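Below you'll find the structure, written out as structure tokens, and then a few comments.
Computed from a prediction, not measured in an experiment: that's the story for all the values here. FYI, side chains are in, hydrogens and waters are out, and symmetry mates aren't considered; it's all heavy atoms of this structure.
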Number of protein chains: 2
Amino acid sequence: MTKVFLQSSFSQFARSMHDEWSPGVVAGRGSISPKVATVRFSRNTDIYREGDPAAQLYKVVSGAVRTCKFLADGRRQIGAFYLPGEIFGLETEERHLFSAEAVTDSEVLIIEPPIVPFGRWDFEVACQVWALMRHELKRAQDRVLLLGRTAQERVAGFLLAMAERMQSSDQVELPMSRQDIADYLGLTLETVSRMLTQLESESTIAVLESKRIVLCRRASLRRLAA
Amino acid sequence: MTKVFLQSSFSQFARSMHDEWSPGVVAGRGSISPKVATVRFSRNTDIYREGDPAAQLYKVVSGAVRTCKFLADGRRQIGAFYLPGEIFGLETEERHLFSAEAVTDSEVLIIEPPIVPFGRWDFEVACQVWALMRHELKRAQDRVLLLGRTAQERVAGFLLAMAERMQSSDQVELPMSRQDIADYLGLTLETVSRMLTQLESESTIAVLESKRIVLCRRASLRRLAA
DNA sequence: CGCTGAGTTGACGTAGGTCAAGCAGAGTGG
DNA sequence: CCACTCTGCTTGACCTACGTCAACTCAGCG
């Protein structure tokens, strides 16, 4: 019943909202409530694997998570990075399209398919899941746009996107490795590194200690990412 | 009120389904009903432009449609192709992210934001919109995966995906130009052409007349697209 | 210390882009 | 019916952005 939704047609979803509900707020960074447990994952361990049944949602409490997929020849593609407060694990099919792994030691809140007592969704949860879906779609679309561009543009765009997801305006704390970024952007680790040093030499950014980056001239970045 | 939904939080959506509804079928290729008008667009004309308010849905009746976006330097990126029976125009934001254009002379059914008589969505429509959203997300995800690969893999994947969307099992009728395909795959027209001739020389495919292609050895294609 | 794993840098190779030349089919007009 | 263009496609010769491979640096950490 619950699994049904996450994979699923809208029917169960709609039906489940059909009684008791109250007007709710749509959460940008979701705040879906019926939590189950907070679990710790250490760096580079699996949270779920590609192909596993998609039965729960997950919320990053601390640390960072990546979703990824391995190709036959060993290449790896990263689906997305999730930072604290963000929810992942929502799928369009019955099973997970990507694996999810902890980028750094992380705490993850596992959200049992958020069903209210009588086996029906409450309205607020429905709103949140809908928002989540929209959010994922937007993300995927932006990603597609990013992949059409040059290495420098991709890296610039990545930095901007990361900065926007952090509170701290112009200092970005990257939890992931160069390899992770490379796999996300469809580049190699060396190219990412080169682009960063190049951006630094133009003093568009300053690399403090390889994972702490200051965006000095955001305008230039934005112009690059266009 | 109607516009609100397409752009929108789930709230209106949910509220609108709250009375009279009946269990409905979820349409793979949507069959949303409250049509308004069928409009003809001739080849290469705009259906809507990037940035226009997203207030309707559109269904391809005949022909083919592409969504695309132009970059500052004139490069073009194609978001998706839509074939007869498919619905486009659903957005995650208030305004269209891409422009939509007719690939060939096309008939398009314009669906006014599908609101039932009393200003509320009926259940069936809600199911369909939900399915549509999932479908768009899946598409975007597949696309991201495709963009991580080599030119040959992309072209192979593209042909397979197109074939799957057509009834005719192993003969594909491509409505779009090489340039369109190239912009979709993030390649150049020349590269697309080269990959096609290469696939033909391996007799994996047969190019009948540049837009009619026969997939001779689907297995090989699948292996390439991996 | 040396060891390990992440990052940077350099030298070189290649997939795919760029530019430019054909070429075939569809109109169009004589 | 043949020239005559036009547009889309193919093909070739060359170029470049990025990948590959390998050396080197540096920060932790026993």
Side-chain angles (χ1 to χ4, degrees), chain A residues 42-44 64 66 71 73-77 103-105 146-159 172-202 205-213 224, chain B residues 42-44 64 66 71 73-78 101 103-105 146-159 172-202 205-213 224:
Chain A
S42 48
R43 187 174 143 68
N44 290 331
R66 62 174 173 255
L71 306 184
D73 60 1
R75 278 178 298 176
R76 185 182 65 158
Q77 289 187 280
V103 172
T104 62
D105 293 354
L146 206 63
L147 290 177
R149 339 196 107 212
T150 68
Q152 190 168 101
E153 291 168 337
R154 293 186 213 189
V155 172
F158 177 76
L159 289 178
V172 190
E173 178 81 44
L174 299 174
M176 70 290 287
S177 69
R178 296 288 187 267
Q179 182 65 62
D180 284 339
I181 301 175
D183 289 343
Y184 180 72
L185 296 177
L187 299 170
T188 60
L189 129 196
E190 293 95 328
T191 301
V192 171
S193 181
R194 278 186 247 272
M195 293 306 120
L196 287 174
T197 56
Q198 187 174 327
L199 287 172
E200 191 175 22
S201 75
E202 302 161 358
I205 63 171
V207 181
L208 301 186
E209 28 172 84
S210 118
K211 300 216 168 168
R212 300 181 67 82
I213 294 184
L224 278 176
Chain B
S42 48
R43 190 173 143 65
N44 291 330
R66 63 174 171 253
L71 306 184
D73 60 2
R75 279 178 297 176
R76 184 182 67 158
Q77 287 187 284
I78 288 195
E101 304 173 353
V103 171
T104 63
D105 294 354
L146 205 63
L147 290 177
R149 329 186 123 228
T150 68
Q152 191 169 101
E153 292 168 337
R154 293 186 213 189
V155 172
F158 177 75
L159 289 178
V172 190
E173 178 82 43
L174 298 174
M176 68 291 286
S177 69
R178 297 287 187 267
Q179 183 64 63
D180 284 339
I181 301 175
D183 288 344
Y184 179 72
L185 297 176
L187 299 170
T188 60
L189 131 195
E190 293 95 328
T191 300
V192 170
S193 181
R194 278 186 246 272
M195 293 307 119
L196 287 174
T197 56
Q198 188 174 326
L199 288 173
E200 191 175 22
S201 74
E202 300 162 359
I205 64 171
V207 181
L208 301 188
E209 28 173 82
S210 118
K211 298 215 167 167
R212 299 182 67 81
I213 293 183
L224 277 176

Could you check T197(B) against R43(B) and say which one's nearest nucleotide on DNA chain D is further toward the 5' end?
R43(B)
Among dG16(C), dC18(D), dT8(C), the nucleotide that comes nearest once only the side chain of T150(B) is considered:
dG16(C)
If we ignore hydrogens and angles and just use 3.5 Å, is the side chain of R178(A) paired with the main-chain N or O of S210(A) as donor and acceptor?
yes
Given dT18(C), dG19(D), dC9(D), which nucleotide is nearest the side-chain atoms of T188(B)?
dT18(C)
S210(A) or R194(A): which one's nearest nucleotide on DNA chain C is closer to the 5' end?
S210(A)
Base, sugar-phosphate, or nothing: which does E190(B) touch, judged by heavy atoms less than 4.0 Å apart?
base
Taking the side chain as everything from C-beta on, heavy atoms only, tell me whether Q198(B) gets closer than 4.5 Å to Q152(B).
yes
Between P on dC18(D) and CG on L147(A), what's the gap in Å once rounded to a whole number?
13 Å
Knowing that exactly one of L187(B), L185(B), V192(B) qualifies, which makes a side chain to side chain contact (heavy atoms under 4.5 Å, CB included) with F158(B)?
L185(B)
From the candidates dA13(D), dC18(D), dT10(D), the one with an atom nearest any side-chain atom of L189(B) is dT10(D)
Could you tell me whether a side-chain N or O of D183(B) sits under 3.5 Å from a main-chain N or O of Q77(B), the two making a donor and an acceptor?
no
Just to confirm, is there a sub-4.0 Å distance from OP1 or OP2 of dG17(C) to any side-chain nitrogen or oxygen of T191(B)?
yes
Is it the case that over 12 heavy atoms from other parts of the model lie below 6.0 angstrom from the CZ atom of R43(A)?
no
Quick one: R149(A) CZ to dA17(D) C1', roughly how many Å, whole number?
16 Å
What's the CD-C1' distance between E200(B) and dC9(D), to the nearest Å?
13 Å
Using atom CG of L208(A) as one end and atom P of dG7(C) as the other, report the distance to the nearest whole Å.
15 Å
Between CD of E153(A) and P of dC18(D) the distance, given in whole Å, is 9 Å
Whole Å only: how far is the CD atom of E209(B) from the P atom of dG25(C)?
10 Å
In whole angstroms, how far is the P atom of dT9(C) from the CE atom of M195(A)?
12 Å
Atom-to-atom span, CG of L187(A) to C1' of dA17(D) - whole angstrom:
11 Å
